[in-house]
Amino acid sequence: MCQINTDPMKSQTGYLQVVVPPNILDYSTSTDMVVPEGSKVTLHCEATGSPAPNITWRREDGQLIPLANGRKVQSVEGPNFNISKVNRLHMGFYLCIASNGVPPSVSKRIMLTVQFPPMISVQNQLVGAQEGQQLTLECHSEAYPKSINYWTRDKDEIVPQGGKYEPVLLDNAYKVHMKLTISSVSPSDFGSYKCVSRNALGDTDGTIKVYRKLRHNSRNDIFEGNQDMLKERDLKLRGRKETSGNEEDDYEDSAAASNKDSFSLIFALVTFTIYLYHHPQLRTLHPA
């Protein structure tokens, strides 16, 4: 208050507000956490400043945060970040950001680690191959702590690295893409393969069976040719039906065609029998 001692006295009152930028209190703020999947987790962040700072939680990688109701949000407001049932999608670095309009805003980085036993998914459990071709088998594994991953054969023998076999592991956080490439398939390579994943919490495996795929032959060509003939005949009958609009005529045409085919087959069999009768030497089998 500024005062002048006159008669009457004069005075002027002013108000001074001191602002203080935010400061996160390390001793009362959560540190890095390691929790099992499915458990309840609470991250707490406490800060001082004037005016009182607001607390916002964000993922460091910018991904959305999954909530219990199935929604995904960009940020969570408030000093407490509660996760009722944590899963592997929650794993990562989180930023506790404190701001009150007085620069600078401050943040603290907290790592949330979620542990779970290995899981394996196999897209193709049955794979066909021909001898001599190159073949690649694939599995997808998820585990944390990071798992040990390898391939085995029928009697749980580990597939060695080198030579015709080339196992490759592609890591991405807690996910592993397992590949086994066989440069040239031989008869001994047909059978069952297992992709195995192990960590301190357990182990699991996925099975892929490699079978011999037959080569394309003339019998398949004949079969496919017959299928094409049947399809062509069916299309002709359908087109005739659409043109005439009379189902009885189509039925009669189909029946007439069928009777004609039967008569041709009987005629051919009778002709062949008569031919054998007049040429008995064709019925005699001579040793090779």
Side-chain angles (χ1 to χ4, degrees), residues 34-39 61 63-64 66 70 72 85-92 111-228 230-231:
V34 179
V35 297
E37 191 171 41
S39 60
D61 56 12
Q63 295 185 19
L64 298 178
K72 292 184 178 181
K85 192 175 182 180
V86 71
N87 62 57
R88 64 199 68 181
L89 298 178
H90 291 104
M91 184 157 52
M111 174 62 180
L112 177 62
T113 302
V114 181
Q115 294 186 333
F116 55 95
M119 295 179 61
I120 279 185
S121 62
V122 181
Q123 185 173 1
N124 297 318
Q125 296 181 330
L126 192 62
V127 179
Q130 298 177 355
E131 292 186 24
Q133 80 170 75
Q134 179 175 293
L135 179 66
T136 299
L137 308 179
E138 299 184 57
C139 290
H140 294 270
S141 170
E142 296 183 7
Y144 202 89
K146 284 191 174 182
S147 56
I148 299 173
N149 301 279
Y150 56 92
W151 292 86
T152 64
R153 286 294 309 271
D154 303 275
K155 299 180 180 179
D156 292 335
E157 298 177 354
I158 297 179
V159 177
Q161 183 172 3
K164 65 187 301 184
Y165 300 107
E166 184 184 355
V168 176
L169 301 178
L170 304 175
D171 292 343
N172 181 15
Y174 57 85
K175 299 180 181 180
V176 178
H177 185 185
M178 302 176 61
K179 292 184 178 182
L180 177 63
T181 300
I182 306 174
S183 59
S184 179
V185 175
S186 62
S188 61
D189 294 320
F190 297 112
S192 295
Y193 292 77
K194 286 184 180 180
C195 46
V196 184
S197 180
R198 298 174 178 269
N199 70 2
L201 302 179
D203 62 83
T204 188
D205 60 65
T207 301
I208 301 177
K209 184 175 180 60
V210 179
Y211 68 92
R212 188 193 306 272
K213 185 164 60 175
L214 298 178
R215 295 184 180 275
H216 192 71
N217 53 39
S218 59
R219 295 182 63 184
N220 291 335
D221 292 337
I222 295 173
F223 176 76
E224 291 177 1
N226 291 337
Q227 291 293 97
D228 293 338
L230 291 174
K231 290 179 180 179

Practice task
Examine the side chains of T181 and T136 and answer whether a donor and an acceptor come within less than 3.5 Å of each other.
Solution key: yes
Practice task
Count the heavy atoms of every other residue, nucleotide or ligand shown that sit under 6.0 Å from NZ of K175, and state whether that count exceeds 12.
Solution key: no
Practice task
Might you point out which heavy atoms bring C139 and H177 nearest each other, and give the distance in Å?
Solution key: O-CD2, 3.5 Å
Practice task
Can you establish whether the number of heavy atoms outside M91 located under 6.0 Å from its atom CE is more than 12?
Solution key: yes
Handout entry: Heavy-atom closest pair, residues K164 and S186
Key = NZ-OG, 3.0 Å
Exercise for the section: Could you check whether the rings of F116 and Y174 sit parallel, tilted or perpendicular, using 30° and 60° as the cut-offs? Expected result: perpendicular
Exercise for the section: For the residue pair Y165 and I182, establish whether any side-chain heavy-atom pair is separated by less than 4.5 Å. Expected result: yes
Practice task
Please step through side chain to side chain contact (heavy atoms under 4.5 Å, CB included) for the pair K213 and F190, ending with a clear verdict.
Solution key: CA-CA 10 Å; K213 185 164 60 175; F190 297 112; over 6 Å; no
Problem - Interatomic spacing from CZ in R198 to CG in N149 - rounded to 0.5 Å - result: 11.0 Å
Practice task
Of all the heavy-atom pairs spanning N199 and A143, show the shortest one and how long it is.
Solution key: ND2-CB, 3.8 Å
Practice task
Heavy atoms only: give me the nearest K146-A173 pair and the separation to one decimal.
Solution key: CE-O, 3.8 Å
Exercise for the section: State, yes or no, whether a side-chain contact exists between D189 and R153 at a heavy-atom distance under 4.5 Å. Expected result: yes
Practice task
Mark yes when over 12 heavy atoms from residues, nucleotides or ligands other than I148 sit less than 6.0 Å from its CD1; otherwise mark no.
Solution key: no
Problem - S197 side, atom OG; H140 side, atom NE2 - distance, nearest 0.5 Å - result: 13.0 Å
Practice task
Kindly indicate whether the side chain of V35, heavy atoms from C-beta on, has any atom under 4.5 Å from the side chain of L112.
Solution key: yes
Problem - Min side-chain heavy-atom separation I208-V127 under 4.5 Å - result: yes
Exercise for the section: Nearest 0.5 Å please: distance from the NE2 atom of H90 over to the CD atom of E37. Expected result: 10.0 Å
Practice task
State, with a plain yes or no, whether a side-chain heavy atom of C195 is found less than 4.5 Å away from one of V122.
Solution key: yes
Problem - Atom pair OG1 (T152) and CG (D205), whose distance is rounded to the nearest 0.5 Å - result: 7.0 Å
Fill in the blank from the handout: Between the OG1 atom in T113 and the OH atom in Y144, the distance rounded to the nearest 0.5 Å is 5.0 Å
Practice task
Could you pull out the closest heavy-atom pair between A129 and V210, with the gap in Å?
Solution key: CB-CG1, 4.4 Å
Practice task
Applying side chain to side chain contact (heavy atoms under 4.5 Å, CB included), run through K194 and W151 and close with a yes or a no.
Solution key: CA-CA 6 Å; K194 286 184 180 180; W151 292 86; over 6 Å; no
Handout entry: CA sep, side-chain torsions, deciding dist, call: E166, K179, salt bridge (charged side-chain N to carboxylate O under 4.0 Å, His left out)
Key = CA-CA 8 Å; E166 184 184 355; K179 292 184 178 182; over 6 Å; no
Handout entry: Side-chain touch P167/M178, heavy atoms, less than 4.5 angstrom
Key = no
Completion exercise
What one should report as the nearest heavy-atom pair of S192 and D154 is N-OD1, 2.9 Å
Exercise for the section: Compare all side-chain heavy atoms of D203 with those of S147 and state whether any distance is below 4.5 angstrom. Expected result: no
